Amino acid sequence: MTAAPPKFTTLGCRLNSYESEAMKDMAQSAGLENAVIVNTCAVTAEAVRKSRQEIRRLRRDNPDAQIIVTGCAAQVEPETFAAMGEVDKVIGNTEKMNPVTWQGMAADFIGETEKVQVDDIMSVTETAGHLIDGFGTRSRAYVQVQNGCDHRCTFCIIPYGRGNSRSVPAGVVVDQIKRLVDKGFNEVVLTGVDLTSWGADQPMQPKLGDLVMRILKLVPDLPRLRISSIDSIEVDENLMLAIATEPRLMPHLHLSLQHGDDLILKRMARRHLRDDAIRFCEEAKKLRPEMTFGADIIAGFPTETDAHFENSLKLVQDCDLTWLHVFPYSKREGTPAAKIPSQVNGNVIKARAAQLREAGAVQVEKHLAAQLGKTHHILMENPSMGRTEQFTEVTFDSPQEEGAIVTASILDVRGQQLVA
């Protein structure tokens with residue numbers, strides 16, 4: 001029987017997807033065969049439950065494969081996954097990015113490896129810049145520039161899965177992006193767990209804006225640079241300068257806002273207030289009128305009243321948010337918020353999340369309608385669909401070149417997509 005190459009299942013965030021691509025390269029280079037690797041998420045209790053459910057399904061579908069579990073849930077709760085009969089190995093978030101780990105699990109490795117290989121993530125002080133050639137499409141590449149988080153929001157378990165904040169040096173980032181541009185990628189996305197903390201652990205403590213300006217200066221052939229989720233309170237002067245003056249920096253920012261009420265923000269241990277978020281969005285729009293915003297918002301955080309929730313609902317318009325990621329609050333053991341006695345009723349949380357999504361849908365409709373007749377530069381993700389500078393999907397009736405940037409006028413709106 002021919003040995004099968006390793007299979008990967010990824011749950012959770014964009015960074016996990018990035019790391020799965022890096023792991024694929026390491027596992028294949030090590031000669032790992034007949035293995036299924038599950039890269040888990042720990043952001044909510046529901047995410048952990050889904051990870052366990054997926055592992056059971058994968059064991060049924062792959063009875064003879066070695067099942068290896070990694071990711072944030074494995075880092076935070078290694079004993080939970082080690083106790084599952086379906087699981088052969090549990091490896092931590094640091095170990096999964098080390099080629100030696102994968103060599104130790106390959107068929108020709110001589111010796112024993114422990115079932116659980118999970119070290120203290122808080123002791124990790126460096127993040128290697130892993131080179132991958134994009135994922136999802138051939139049009140866009142992702143570069144991890146930062147990992148971990150130094151903040152301790154009361155609802156969040158992620159620092160315990162990712163460790164403290166650490167940055168990939170600017171020179172390494174620039175070299176990676178040059179390589180990706182040479183391979184033909186027209187857009188690069190900077191990713192991390194807490195992107196705006198990039199540089200704090202580096203000599204001279206540069207800021208994310210310094211990195212952005214350096215990339216745009218030293219890689220003049222890069223057509224488009226995009227930033228993934230940021231914390232608006234940490235945005236520095238150079239990042240605002242880039243927003244104002246650099247057309248190659250895409251006018252789309254995803255903001256970690258989480259709530260629209262000051263008291264709830266304080267109970268979440270966030271570092272911004274409602275007015276800070278509104279002020280940032282107004283200033284960014286003034287500098288770049290075509291700027292669009294996405295945002296993470298949690299519905300039903302403990303102690304949230306109707307009045308608190310209304311402030312979140314109003315924030316959608318006050319910040320002119322377009323692309324919402326709405327999270328119904330889910331009690332996560334191990335976080336301070338889980339111990340707050342005034343938990344909100346589950347049905348109320350669902351109803352509030354639905355209201356937020358409806359408000360988001362109205363904003364999307366408004367954004368799409370405003371694009372009619374405009375000309376956009378559209379990066380093609382496949383022959384029939386691409387994205388504008390603001391990350392809006394555009395469909396074409398006639399095939400286009402995948403990975404190319406196509407200039408086209410917007411003729412119509414179809415569902416949640418523009419038509420060119």
Side-chain angles (χ1 to χ4, degrees), residues 14-15 18 126-132 134 140-150 165-183 185-256 271-272 276 279-294 377 379 387-391 405:
R14 182 70 73 179
L15 190 56
Y18 176 96
E126 291 184 3
T127 283
H130 291 277
L131 229 51
I132 67 166
R140 182 178 292 111
Y142 294 80
V143 173
Q144 181 186 357
V145 303
Q146 184 274 339
N147 203 342
C149 185
D150 290 339
S165 181
R166 53 227 189 259
S167 313
V168 178
V172 175
V173 174
V174 168
D175 287 347
Q176 280 196 29
I177 293 174
K178 283 179 178 175
R179 176 179 175 274
L180 292 163
V181 171
D182 287 345
K183 282 181 165 285
F185 286 97
N186 278 324
E187 183 174 295
V188 166
V189 186
L190 304 183
T191 68
V193 174
D194 181 29
L195 257 189
T196 32
S197 70
W198 180 88
D201 58 333
Q202 298 288 297
M204 307 298 289
Q205 297 187 319
K207 303 283 188 185
L208 180 62
D210 301 325
L211 178 65
V212 166
M213 295 296 263
R214 186 166 174 179
I215 291 166
L216 292 168
K217 180 182 176 183
L218 297 180
V219 196
D221 295 337
L222 171 67
R224 292 163 63 137
L225 180 66
R226 197 177 286 281
I227 300 173
S228 59
S229 183
I230 61 168
D231 204 337
S232 58
I233 199 70
E234 287 188 318
V235 169
D236 60 280
E237 283 182 22
N238 262 348
L239 188 51
M240 296 307 283
L241 180 64
I243 288 168
T245 63
E246 291 286 357
R248 291 185 295 146
L249 178 64
M250 293 297 94
H252 167 256
L253 295 171
H254 190 85
L255 309 176
S256 177
R271 287 158 302 129
H272 72 274
D276 295 324
R279 195 179 307 113
F280 170 78
C281 291
E282 286 175 349
E283 189 177 344
K285 279 256 188 191
K286 201 180 292 176
L287 295 173
R288 192 88 175 265
E290 70 270 33
M291 180 68 74
T292 59
F293 303 108
H377 305 297
L379 179 69
R387 290 185 189 266
T388 68
E389 302 93 325
Q390 292 105 332
F391 214 60
I405 296 174

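Throughout, numbering of the chain's residues begins at 1 and tracks the sequence. Predicted model, so just to flag it, every value in this text is computed and none were measured. Below, each value reflects all heavy atoms present in this structure, side chains not excepted, and no hydrogens, waters or symmetry copies.
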Asker: So which heavy atom on Val173 is nearest to which on Val143, and how close?
Answerer: CG1-CG1, 4.2 Å

Asker: With Arg248, which residues qualify under salt bridge (Lys or Arg N to Asp or Glu O under 4.0 Å), at least two apart?
Answerer: none

Asker: Test of understanding: with salt bridge (Lys or Arg N to Asp or Glu O under 4.0 Å), list the residues that count as partners of Glu282, not counting sequence neighbours.
Answerer: none

Asker: Check Asp194, Leu190, Val235 against Ile230 for a side chain to side chain contact (heavy atoms under 4.5 Å, CB included) and give me the one that passes.
Answerer: Val235

Asker: Roughly how far, to the nearest 0.5 Å, is the CD atom of Glu187 from the CG atom of Leu225?
Answerer: 8.5 Å

Asker: Taking only residues two or more places apart in sequence or in another chain, which ones pass side-chain hydrogen bond (donor to acceptor under 3.5 Å, both in side chains) with Thr196?
Answerer: Glu234

Asker: Could you pull out the closest heavy-atom pair between Ile405 and Pro223, with the gap in Å?
Answerer: CD1-CB, 3.8 Å

Asker: Could you work out, with side chain to side chain contact (heavy atoms under 4.5 Å, CB included) as the rule, every residue matching Thr191, not counting sequence neighbours?
Answerer: Arg14, Leu15, Tyr142, Gln144, Val189, Ser228

Asker: Tell me, please, which residues at least two apart from Asp236 pass side-chain hydrogen bond (donor to acceptor under 3.5 Å, both in side chains).
Answerer: none

Asker: What donor-acceptor contacts under 3.5 angstrom involve side-chain atoms of residues 207-220, with partners at least two apart or in another chain?
Answerer:
| residue | atom | partner | partner atom | Å |
| --- | --- | --- | --- | --- |
| Asp210 | OD1 | Asn238 | ND2 | 2.6 |
| Asp210 | OD2 | Lys207 | N | 2.7 |

Asker: Measure the spacing between CG of Leu287 and CD of Glu283 and express it to the nearest 0.5 Å.
Answerer: 5.5 Å

Asker: Using every non-hydrogen atom in the two residues, find where Glu389 and Pro251 come nearest and quote the distance to one decimal.
Answerer: CB-CD, 3.5 Å

Asker: In Å, rounded to the nearest 0.5 Å, how long is the span from OG of Ser197 to CD of Gln205?
Answerer: 11.5 Å

Asker: Taking all atoms of both residues into account, what is the closest heavy-atom pair of Asp201 and Ser165, and its distance?
Answerer: OD2-O, 4.1 Å

Asker: For the residue pair Gln202 and Pro169, what are the closest heavy atoms and their distance?
Answerer: OE1-CA, 3.6 Å

Asker: Any sub-3.5 Å donor-acceptor pair from Trp198's side-chain atoms to Ala170's backbone N or O?
Answerer: no

Asker: Can a donor-acceptor pair be found, under 3.5 Å and without considering hydrogens, that links the side chain of Gln146 to the backbone of Val193?
Answerer: yes

Asker: Mind checking side chain to side chain contact (heavy atoms under 4.5 Å, CB included) for Cys281 and listing every partner two or more places apart, or none if nothing turns up?
Answerer: Leu255, Phe293, Cys319

Asker: Salt bridge between Asp276 and Arg279, side-chain N to carboxylate O under 4.0 Å?
Answerer: yes

Asker: Calculate, to the nearest 0.5 Å, the distance between atoms CZ and CE belonging to Arg387 and Met250 respectively.
Answerer: 14.0 Å

Asker: Nearest 0.5 angstrom please: Leu379 CG to Arg140 CZ, how far?
Answerer: 5.0 Å

Asker: Tell me, please, which residues at least two apart from His254 pass ring-ring contact (aromatic ring centres under 6.0 Å, His included).
Answerer: His325

Asker: Could you work out, with side-chain hydrogen bond (donor to acceptor under 3.5 Å, both in side chains) as the rule, every residue matching Glu246, not counting sequence neighbours?
Answerer: none

Asker: List in chain and number order the residues that pass ring-ring contact (aromatic ring centres under 6.0 Å, His included) with Phe391, two or more places apart in sequence or in another chain; answer none if no residue qualifies.
Answerer: His252

Asker: Between Asp231 and Ser256, do the side chains contain an N or O donor and an N or O acceptor separated by less than 3.5 Å?
Answerer: no

Asker: Can you tell me how far the CD1 atom of Ile227 sits from the CG atom of Leu253, to the nearest 0.5 Å?
Answerer: 6.0 Å

Asker: Side chains of Arg224 and Asn186, heavy atoms from C-beta outward: is any pair under 4.5 Å?
Answerer: no

Asker: Indicate yes or no for a side-chain donor-acceptor contact from Gln390 to the backbone of Glu290 under 3.5 Å, with no hydrogens or angles considered.
Answerer: yes

Asker: Applying side chain to side chain contact (heavy atoms under 4.5 Å, CB included), name anything that partners Pro247, two or more places apart in sequence or on another chain.
Answerer: none

Asker: For Asp150, give me all partners under salt bridge (Lys or Arg N to Asp or Glu O under 4.0 Å), at least two apart in sequence or on another chain.
Answerer: none

Asker: If you take all heavy atoms of Ser167 and Ala200, which pair is closest and at what distance?
Answerer: OG-N, 4.3 Å

